[in-house]
Amino acid sequence: MYDIIIVGAGPAGLTAALYALRANKKVLILEAKAYGGQIIKANVVKNYPAIKEISGTDYAEVLYNQVMDLGATFKYETVLKVNPDKTVVTQDNTYKARAVIIATGAENRKLNLVGEQDYVGKGVSYCATCDGNFFKNQTCAVVGGGNSALEDALYLADICKHVYLIHRRDTFRGENKLVEELKKKENVELIFNAEVTGLKGEDVLKRIEVKKHDGQTLDLDVAALFIAVGQEPKNEIFANVCSLNDNGYIEAKDEVYTNTPGIYVAGDARVKVLRQLTTAVSDGSLAATIAIKEMYD
Ligand code: NAP
């Protein structure tokens, strides 16, 4: 029996653990993949208050170690179900807690192109900072118009010979500051009002087909395509204890309450205006604090 089971070890989940452990609670963290969540894909974080800059992996490691030093139990297990009685079922075990915090974040959105998944590891990637170095001095493309795509293009511009940044509109969703930095890069070519429609190459990716909205089709020789078109949640398994909005995000009352008592949500998995490190850690601290408070009510 645990006091709190936290599902997901991104910044929200680990911060929830930090707060619960500091309140002397017995905490189990369940993670399916790697601790750190989406932030490990950030080459550099420059908008976290009081930290001028830190790499995403360093941030995740410091936070993880901070939590483990306080005595968390951490298991790499995939959660299959959370029940209203606060039992959590994984592929290996069933655990029971007084409270559960769902902090599973969101996953990279796919373009759903023919062959997209077959080319993963062979030229298609969802993480420029993880895979960019494989394509040193080669030509790459990034698709997307948010902060992730802008940051990926900036990162790749310093590694690759040439970088195409392909966006489906003519204005970026991401921050102006990043756009201005990108415009200074001589090896970055912006392609607006265009969509990637095809992937070509035998064993590995060699070319992408890009359709412009004016009807023109481009065949671009690239060694890699970095897909940065946002995230989507994977919350279907929680639908028995939470209500989900049309996009699959968990509807939260007062930020962290789901519609099942004792089950809370924190971070990118929930409906929210801003999905950032700052808001994820805010959610984590709040969810743990409320979960603990309600144990005594
Ligand atoms: P995002 O902000 O949701 O942007 C996704 C981009 O992909 C949009 O430009 C969107 O186009 C485009 N897109 C979506 N579906 C597409 C499709 N099927 N085909 C082509 N393009 C498609 O996602 P994100 O950039 O991953 O960022 C997610 C969150 O993390 C945001 O809140 C962002 O601010 C935050 N973030 C922050 C930082 C930072 O602060 N340093 C870094 C990275 C991410 P439209 O614009 O036309 O919709």
Side-chain angles (χ1 to χ4, degrees), residues 10-12 36-60 103-117 124-132 141-157 164-182 190-199 208-213 218 220 222 225-234 245-249 266-283:
Q38 300 273 348
I39 200 64
I40 61 174
K41 293 179 189 153
N43 179 37
V44 58
V45 178
K46 291 187 183 176
N47 59 359
Y48 194 82
I51 297 179
K52 204 166 174 195
E53 72 175 69
I54 187 168
S55 79
T57 48
D58 284 353
Y59 176 85
T104 45
E107 289 187 357
N108 295 311
R109 181 175 291 129
K110 315 285 182 288
L111 281 180
N112 294 322
L113 296 171
V114 175
E116 182 172 331
Q117 292 316 301
V124 166
S125 169
Y126 300 88
C127 178
T129 49
C130 317
D131 299 330
V142 176
V143 56
N147 279 336
S148 299
L150 296 173
E151 288 193 346
D152 285 359
L154 273 172
Y155 177 73
L156 293 168
Y164 296 107
L165 175 56
I166 302 156
H167 180 37
R168 64 182 178 184
R169 291 187 294 125
D170 61 0
T171 49
F172 286 112
R173 183 177 291 275
E175 287 168 27
N176 266 335
K177 193 168 185 315
L178 295 173
V179 177
E180 290 313 312
E181 277 183 57
L182 256 189
L190 307 179
I191 303 178
F192 289 114
N193 299 314
E195 284 168 54
V196 179
T197 47
L199 304 171
I208 55 172
E209 181 191 80
V210 176
K211 287 215 169 113
K212 296 191 75 178
H213 294 171
L218 309 174
L220 304 178
V222 296
L225 173 67
F226 291 90
I227 299 174
V229 295
Q231 276 94 45
E232 51 196 7
K234 290 280 171 248
N245 77 358
D246 290 345
N247 296 321
Y249 288 99
D268 285 3
R270 76 171 175 92
V271 176
K272 65 196 309 192
V273 174
L274 184 64
R275 293 192 169 82
Q276 298 258 295
L277 199 48
T278 48
T279 61
V281 301
S282 165
D283 279 9

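Every number for a ligand or one of its atoms is a count from 1 in the order of the listing.
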Smallest heavy-atom separation, A12 atom then G267 atom, equals CB-CA, 3.7 Å
Between T129 and N43, a side-chain donor and acceptor under 3.5 Å
no
Can you tell me how far apart CD1 (I166) and CG (L225) are? Round to the nearest 0.5 Å.
6.5 Å
For a distance cut-off of 3.5 Å, show me each N or O of ligand 1 paired with any protein N or O, plus the separation.
residue	atom	partner	partner atom	Å
ligand 1	9 (O)	G145	N	3.1
ligand 1	9 (O)	G146	N	3.3
ligand 1	11 (O)	R168	NE	3.1
ligand 1	11 (O)	R168	NH2	3.4
ligand 1	25 (O)	N147	N	3.3
ligand 1	25 (O)	S148	N	3.0
ligand 1	25 (O)	S148	OG	3.2
ligand 1	26 (O)	S148	OG	2.8
ligand 1	26 (O)	Q231	NE2	3.4
ligand 1	30 (O)	R275	O	3.4
ligand 1	34 (O)	N147	ND2	3.0
ligand 1	34 (O)	Q276	NE2	3.4
ligand 1	40 (O)	N47	ND2	2.8
ligand 1	40 (O)	Q276	NE2	3.4
ligand 1	41 (N)	E151	OE2	2.8
ligand 1	46 (O)	R169	NE	3.3
ligand 1	46 (O)	R169	NH2	2.7
ligand 1	46 (O)	R173	NE	3.0
ligand 1	46 (O)	R173	NH2	3.4
ligand 1	47 (O)	R168	NE	3.0
ligand 1	47 (O)	R169	NE	2.7
ligand 1	48 (O)	R168	NH2	3.0
ligand 1	48 (O)	R173	NE	3.4
ligand 1	48 (O)	R173	NH2	2.7

Between E232 and N247, is any side-chain donor less than 3.5 angstrom from a side-chain acceptor?
no
Qualifying salt bridge (Lys or Arg N to Asp or Glu O under 4.0 Å) pairs with a residue from residues 164-177, counting only residues at least two apart or across chains:
K177-E181
Taking the six-membered ring of Y126, is NZ or CZ of R109 closer than 6.0 Å to its centre and within 45° of its axis?
no
